Protein chains: 2
Amino acid sequence: MDAALPDGAAHVGPRVRALRSAQGMSLSELARRAGLGKATLSGLEAGTRNPTLDTLHSVAAALGVALTALVSESTRIQGAAVAMDLLRVFDDGPATYELYRMRIPAGAAQTSPPHHAGVTEHATVFAGELRAGALDAPGTAGPGGYLEWTADTPHGYAAIGGQDVHASLLIRYPR
Amino acid sequence: MDAALPDGAAHVGPRVRALRSAQGMSLSELARRAGLGKATLSGLEAGTRNPTLDTLHSVAAALGVALTALVSESTRIQGAAVAMDLLRVFDDGPATYELYRMRIPAGAAQTSPPHHAGVTEHATVFAGELRAGALDAPGTAGPGGYLEWTADTPHGYAAIGGQDVHASLLIRYPR
DNA sequence: CGCGGGTGTTCCGTTTACGGAACGATGGCA
DNA sequence: TGCCATCGTTCCGTAAACGGAACACCCGCG
């Protein structure tokens, strides 16, 4: 399960430094605005420290970005053709929802084994032409279009137009 | 004792606890899987500690969710009846997309002035019964349902069932 | 040349997040 | 009923993240 997740903390430092210098802000000034010691920031950017949630929050606020922007590591699920980034997990009463961003290279296709009973998938297309759904009855949708299907049977995804498909995919897992 | 952990930290604890119990996992088991001490997790969930990035990373991995899912904070847009949290902004080729999470209290309703021409809105309902769309031709959708409408005319949102509406709203702005 | 104000790094004492162990509470099971 | 496993919390010594100060360095300016 551990997979080859590169140590998340290692990426935060360079990202802070990049965001900071992109705004033309000095380390000293960021420390002042964030109410942190310069030693803290120096170590954080160098990756020699393991920052606290409070510290990260202060830095993000002083940089004017969301905390997510500092720690976001795209947990990418890379399939044969489909790449999905998990954006968010909702936990709403009778069901759990996972919201993904999906990319499919032009012309590529992929099938997926069935999930548990009652699971449905909902896709909203940003760009390209998506064909998706049950293998024997797929639907198609272009930019702005929407598709939904039950995922408890074998289903597939394909970019049938001449360009890459970008879409958001919502997977609903009932209790 | 006062602790008084600033903002962000306060929300992480309950979220971890919610995600953990949603999977039917005990605190002890999560501690074991994450390679953390039970004291660390107990304090984290209670909000009496200020966790380290490493700790958060371990917890997220053991829960099988992205680190973002633990620390994400929302930029909320609060209307008369509708509360929307901006989740993500996409900038894909010919259009820009804003992905929101939308909540409407049971029985509440709200109208929205027109946006620019060509703007469309796409809603996927998680819970409750949503009535939304052009004022003269709204549609309705329940859990798992989908609605879309053009936003360049006056439009509205309403929770018509007896319970709150939870939905994801995608707004598409063509160039 | 100083000199003052800026940079980022390093040192150091204090604070605190960490894991391990002990704790009381709870829940089967014989 | 006792027994034992597991639950989540609390206590405590250690490791380390924290802020402040000292540091070397680099500029613009008189």
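Keep in mind it's a predicted model, so treat the numbers as computed, not measured. Throughout, a chain's letter reflects where its sequence line sits, starting with A, and its residues are numbered from 1.
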Participant: Looking at Asp152(A) and Gly118(A), what are the two nearest heavy atoms and their distance?
Facilitator: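 The answer is OD2-N, 3.3 Å.
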Participant: Before accepting this row, confirm whether a basic side-chain N of the pair Glu45(A)/Arg20(A) lies closer than 4.0 Å to the acidic partner's carboxylate O.
Facilitator: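 A salt bridge links Glu45(A) with Arg20(A).
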Participant: In this structure, how many angstroms lie between the P atom of dC18(D) and the CG atom of Asn50(A), rounded?
Facilitator: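 Checked: the CG to P distance equals 8 Å.
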Participant: Are side-chain heavy atoms of Thr120(B) and Trp149(B) found at a separation under 4.5 Å?
Facilitator: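 The answer is no; the side chains never approach within 4.5 Å.
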Participant: Please determine if a side-chain N or O atom of Thr52(B) lies less than 4.0 Å away from the OP1 or OP2 oxygen of dC18(C).
Facilitator: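 So the side-chain polar atoms of Thr52(B) do come within 4.0 Å of the phosphate oxygens OP1 or OP2 of dC18(C), strictly under.
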Participant: Are the side chain of Ser58(B) and the backbone N or O of Asp54(B) linked by a donor-acceptor pair below 3.5 Å?
Facilitator: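 Present.
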Participant: Let me check the geometry of the helix from dT7(C)-dA24(D) to dA30(C)-dT1(D). What is the bend angle between the axes at its two ends, five pairs each, to 10°?
Facilitator: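 Terminal axis comparison yields 30°.
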Participant: Less than 4.5 Å apart, any side-chain heavy atom of Leu169(B) and any of His122(B)?
Facilitator: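 Sidechains of His122(B) and Leu169(B): no contact.
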Participant: Rounded to the nearest angstrom, tell me the gap between atom CG in Leu36(B) and atom C1' in dA21(C).
Facilitator: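 Taking CG of Leu36(B) and C1' of dA21(C), I get 17 Å after rounding.
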Participant: Starting from C1' on dG19(C), measure out to CG on Asp54(B) and report it in whole angstrom.
Facilitator: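 To the nearest whole Å, that distance equals 14 Å.
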Participant: What does nucleotides 4-11 of chain D look like as a protein-contact string, B for base, S for sugar-phosphate only, - for none, at under 4.0 angstrom between heavy atoms?
Facilitator: ---SBBBB
Participant: Quickly work out the Leu53(A) CG to dT16(C) P distance and round it to whole Å.
Facilitator: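 So the CG-P distance, Leu53(A) to dT16(C), works out to 16 Å.
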Participant: Kindly indicate whether the side chain of Val12(B), heavy atoms from C-beta on, has any atom under 4.5 Å from the side chain of Leu44(B).
Facilitator: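 Yes, side chains in contact.
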Participant: Side chains of Tyr157(A) and Ser112(A), heavy atoms from C-beta outward: is any pair under 4.5 Å?
Facilitator: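 In contact.
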Participant: Could you grab the distance from atom CD of Glu121(A) to atom CG of Leu170(A), nearest 0.5 Å is fine?
Facilitator: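 Nearest 0.5 Å value for the CD-CG distance: 9.5 Å.
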